[in-house]
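What follows is a short report on a single structure.
Counting from 1, the numbers follow the sequence of the chain as shown.
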Amino acid sequence: MYATIAARLDYVRERIAQAEARFGRMPGSVRLVAVSKTVTMEDILRARLAGQTRFAENYVQEALPKITGSRLAGQGLEWHFIGPLQANKTQGVATHFDWVHSVDRPRIAQRLSDQRPAHLAPLQVCLQVKLDVEPGKSGVSLEELPELVATVAALPQLHLRGLMIIPAPCNDEERQRLPFRRLHEVFQQLQAQGYSLDTLSMGMSADLEPAIAEGATLVRIGTAIFGMR
Ligand SMILES: *Cc1c(COP(=O)(O)O)cnc(C)c1O
């Protein structure tokens, strides 16, 4: 393992570039979002100094001091919310984030749009999808996806960008690719229906290569940049 955040960030960029080359993807077609949950502001600044501008957080309470505090404000950072969303947390997301990847029901989408301040650009939205019907797991089912897509596409302060998935961990690269492939198919079906989606948010530290192989345009990487949580 490399010793510094800058070196680990370089290595992650190299992994992304190699996966793009290996799987016939355009160079630079996969964006890197650094997942900074539990990470200190000092370490976020270190990543910023190494050129990283996109960061993601899972918990509103933890994220707000980072986003609004004087250390990181004005650094030109783009903030992505990727955690589970309860109705009582939508205000903070709508007010302080640029993106949200975890929208999974119409009521949450409606609140985010209503609460998004008018002077800000629309919130950029990915819908979190679950492919298997495990109760309690977050994500919209494929059955309920069409209604959610239609709802979000019609909301004035939301801009629907694409789909997100967090598959169950698995060590076999061929098997890791299956849920990503399925999500890509669903994504293409929606595009064929006329939705102009451009973001497939899939791939984390342990499965970024299979995700890129199957069409990821955005990977969310924590551990490989900031170390074990
Ligand atoms: C924590 C988290 C990540 C990053 O996972 P790593 O394995 O640390 O790279 C990505 N996406 C979501 C939704 C997460 O909660």
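- Under the side-chain hydrogen bond (donor to acceptor under 3.5 Å, both in side chains) criterion, the residue pairs touching residues 146-159 are Gln124-His159, with sequence neighbours excluded.
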Original post:
Do Phe55 and Val33 pass the side chain to side chain contact (heavy atoms under 4.5 Å, CB included) test, and can you show the C-alpha distance, the side-chain angles, and the key distance before you say yes or no?
Top reply: CA-CA 5 Å; Phe55 293 88; Val33 173; 5.8 Å; no

**OP:** Could you walk me through whether Leu32 and Ile16 pass the side chain to side chain contact (heavy atoms under 4.5 Å, CB included) test, one step at a time?
**Re:** CA-CA 8 Å; Leu32 170 60; Ile16 292 171; 4.0 Å; yes

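- Ala224 approaches Arg8 most closely through the heavy-atom pair O-CB, 3.4 Å.
- Transitive grouping of hydrophobic side chains (ILVMFWY, heavy atoms separated by less than 4.5 Å) keeps Met202 and Ile82 in distinct clusters.
- To the nearest 0.5 Å, the span separating OG1 on Thr217 from NE2 on His184 amounts to 9.0 Å.
- More than 12 heavy atoms of other residues, nucleotides or ligands shown are found within 6.0 angstrom of CZ on Phe23.
- A donor atom on one side chain and an acceptor atom on the other are not found under 3.5 Å apart for Arg48 and Thr53.
- Side-chain atoms of Glu144 and Ser141 include a donor-acceptor pair closer than 3.5 Å.
- Residues Val103 and Met164 do not share a hydrophobic cluster, clusters being chains of Ile/Leu/Val/Met/Phe/Trp/Tyr side chains in contact below 4.5 Å.
- Residues Gln128 and Ser138 share a closest heavy-atom pair of NE2-O, 3.7 Å.
- At least one side-chain heavy atom of Leu77 sits under 4.5 Å from a side-chain heavy atom of Trp79.
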**OP:** Take Lys137 and Asp132 through the test salt bridge (charged side-chain N to carboxylate O under 4.0 Å, His left out) and record every step on the way to the result.
**Re:** CA-CA 9 Å; Lys137 214 177 147 193; Asp132 33 37; 3.4 Å; yes

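- Side chains of Gln18 and Glu14: a donor on one and an acceptor on the other come within 3.5 Å.
- No side-chain heavy atom of Asp104 sits under 4.5 Å from any side-chain heavy atom of Leu85.
- Evaluation of the side-chain contact (heavy atoms from CB on, under 4.5 Å) rule for Thr4 yields Ala6, Ala7 as partners, not counting sequence neighbours.
- Other residues, nucleotides and ligands place no more than 12 heavy atoms under 6.0 Å from the CG atom of Asn171.
- The two atoms that bring Ala206 and Gln176 nearest to each other are O-NE2, 3.5 Å, heavy atoms only.
- Once rounded to the nearest 0.5 Å, the distance linking NZ of Lys89 with CG of Leu112 reads 13.0 Å.
- With rounding to the nearest 0.5 angstrom, the CG atom of Leu142 is 8.5 Å from the CD atom of Gln189.
- No donor-acceptor pair closer than 3.5 Å links the side chain of Ser36 to the backbone N or O of Val39.
- Using a 4.5 Å heavy-atom cutoff, the side chains of Leu131 and Ile165 are in contact.
- Within 6.0 Å of CZ on Arg181 lie more than 12 heavy atoms contributed by other residues, nucleotides or ligands.
- Hydrophobic clustering of Ile, Leu, Val, Met, Phe, Trp and Tyr side chains at less than 4.5 Å, counting indirect connections, unites Val12 with Ile212.
- In terms of modelled atom types and a separation under 3.5 Å, the side chain of Asp207 and the main chain of Met204 share a donor-acceptor contact.
- Residues in residues 19-30 take part in these side-chain hydrogen bond (donor to acceptor under 3.5 Å, both in side chains) pairs, two or more places apart or across chains: Arg22-Glu173.
- Looking at Arg111 and Asp114, no side-chain N of the basic residue comes within less than 4.0 Å of a carboxylate O on the acidic one, giving no salt bridge.
- Atom OG of Ser201 and atom CD1 of Ile166 lie 8.5 Å apart (nearest 0.5 Å).
- Distance check, rounded to the nearest 0.5 Å: CZ of Phe180 to CD of Glu209 gives 10.5 Å.
- The backbone N or O of Gln110 sits nowhere less than 3.5 Å from a side-chain atom of Ser113 that would complete a donor-acceptor pair.
- Put simply, Val35 and Phe226 are part of two different groups of oily side chains (I, L, V, M, F, W, Y) that touch within less than 4.5 Å, one to the next.
- Two residues are said to be in side-chain contact when any heavy atoms from C-beta on lie closer than 4.5 Å; Arg220 and His101 meet this criterion.
- The minimum heavy-atom distance linking Cys126 with Thr199 is given by the pair SG-CG2, 3.8 Å.
- Panel note: side chain Thr95, backbone Gln91; a donor-acceptor pair is recorded below 3.5 Å.
- Residues Ile221 and Gly203 approach most closely at CD1-O, 4.2 Å, considering heavy atoms.
- Contact between Ile67 and His96 at its shortest, heavy atoms only, is CG2-O, 3.7 Å.
- Take Glu78 and apply the side-chain contact (heavy atoms from CB on, under 4.5 Å) test, not counting sequence neighbours, and it matches Arg54, His80, Asp98, Trp99.
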Original post:
For Tyr195 and Gln191, what are the C-alpha separation, side-chain angles and deciding distance, and is it a side chain to side chain contact (heavy atoms under 4.5 Å, CB included)?
Top reply: CA-CA 5 Å; Tyr195 293 105; Gln191 287 177 320; 6.0 Å; no

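- Taking CD1 from Ile108 and CG from Leu158, the interatomic distance works out to 11.5 Å, rounded to the nearest 0.5 Å.
- A search for salt bridge (Lys or Arg N to Asp or Glu O under 4.0 Å) contacts involving Glu185 returns Arg182, not counting sequence neighbours.
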**OP:** Could you give me the CA-CA distance, side-chain angles and deciding distance for Arg161 and Val125, then say whether side chain to side chain contact (heavy atoms under 4.5 Å, CB included) is met?
**Re:** CA-CA 5 Å; Arg161 297 293 294 269; Val125 172; over 6 Å; no

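- Under the side-chain hydrogen bond (donor to acceptor under 3.5 Å, both in side chains) criterion, the residue pairs touching residues 64-75 are Glu42-Arg71, Glu57-Lys66, Glu62-Lys66, with sequence neighbours excluded.
- Note: the hydrophobic cluster containing Leu127 also contains Phe97 (ILVMFWY, side chain heavy atoms under 4.5 Å, direct or indirect links).
- For the pair Leu145 and Leu190, the minimum side-chain heavy-atom distance is below 4.5 Å.
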